[in-house]
A.B. asks: 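Sharing a structure below in structure tokens format, with a few things to ask.
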Amino acid sequence: MNVFRILGDLSHLLAILILLAKMWRSKSCAGISGKSQVLFALVFSTRYLDLFFVFISLYNLVMKVIYLLCSYITIYMIYGKLRKTYDRENDTFRLEFLLIPVIGLSFLENYDFIPTELLWTFSIYLEAVAILPQLFMISNTGEAETITTHYLFFLGLYRALYLANWIWRYHTEKFYDQIAIISGVVQTIFYCDFFYLYITKVLKGKKLSLP
Amino acid sequence: QEPSKTHDEL
């Protein structure tokens, strides 16, 4: 465990909590893509099946349970408690365009052709693209609430910190995981355009709106 | 070294 990894995990947790706090306090999930949140729940559910098979550490176990719980609470908020505020008309990304290639790729490129490993691989590939419905929704409406942009910033920062973690681990432990690394790079690239807007607009006190 | 199959990251 290195400093990049722990900061990455905390940044991920902070992103999830920011989103929940936003919905809780405003009693609204406007501007949030329910589809992206369903994909993230699917990512956690397929990746953390190992909770039933292996014990890695108490830290690992607790964090996995927290991520899973938070992601299901988020879905309950969007499609249950706050469904009247859900902006369905602008959440129009076609999930099959992501799911079909991701399922195909996980069958083609994996470490082992066994169910748990295929599900892990699927979750890694899916996570790389799971934010696209949210980014698509922002480009549909042309704007995002500032709190939503903080959520996206910490979610992107998490993956960027994981890249630093992998470089660190390669140099110190000779550890590498090419599936995670390549997907992580792709995932981080999706945030670059957003990072630029976040730094040039949101941090200067302006609302994020697209030209 | 082969990539680890116990995935210890989150």
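Worth knowing before you read on, the calculation uses all heavy atoms, side chains too, and leaves out hydrogens, waters and symmetry mates. Naming convention: chains lettered A, B, ... in sequence-line order (proteins, then strands); numbering from 1 in each chain. Quick caveat: nothing in here was measured; it's all calculated off a predicted structure.
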A.B. asks: By a 4.5 Å heavy-atom criterion (distance strictly below it), what part of A:Tyr48 contacts chain B: side chain, backbone, both, or neither?
C.D. replies: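 The side chain, not the backbone.
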
A.B. asks: Name the member of A:Arg5, A:Lys64, A:Met1, A:Arg47 that forms the most heavy-atom pairs with chain B at distances under 4.5 Å.
C.D. replies: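 Top option by heavy-atom pairs under 4.5 Å: A:Arg5.
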
A.B. asks: Could you tell me if the side chain of A:Ile124 sits less than 4.5 Å from the side chain of B:His7, heavy atoms only?
C.D. replies: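 No. Closest side-chain heavy atoms not under 4.5 Å.
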
A.B. asks: Got more than 12 heavy atoms from elsewhere within 6.0 Å of OH, A:Tyr196?
C.D. replies: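 No - once you tally the heavy atoms of other residues, nucleotides and ligands closer than 6.0 Å, there are 12 at most.
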
A.B. asks: Are A:Tyr59 and B:Leu10 side-chain neighbours, meaning at least one heavy-atom pair lies under 4.5 Å?
C.D. replies: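 Yes, close enough: below the 4.5 Å cut-off.
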
A.B. asks: Quick check: are there more than 12 heavy atoms from other residues, nucleotides or ligands sitting under 6.0 Å from NZ of A:Lys81?
C.D. replies: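 No, because the 6.0 Å sphere around NZ of A:Lys81 holds 12 heavy atoms or fewer from other groups.
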
A.B. asks: A:Phe53 versus chain B, heavy atoms under 4.5 Å apart: side chain, backbone, both or neither?
C.D. replies: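 It is neither, since no heavy atom gets under 4.5 Å.
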
A.B. asks: Between A:Asn60 and B:Asp8 (side chain of the first, backbone of the second, donor and acceptor by atom type, cut-off under 3.5 Å), is there such a pair?
C.D. replies: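 Indeed, once roles are kept as given, a pair shorter than 3.5 Å links the two residues.
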
A.B. asks: Considering only heavy atoms from C-beta outward, does the side chain of A:Asn165 approach that of B:Glu9 to under 4.5 Å?
C.D. replies: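 A side-chain contact exists here, since the closest heavy-atom pair is under 4.5 Å.
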
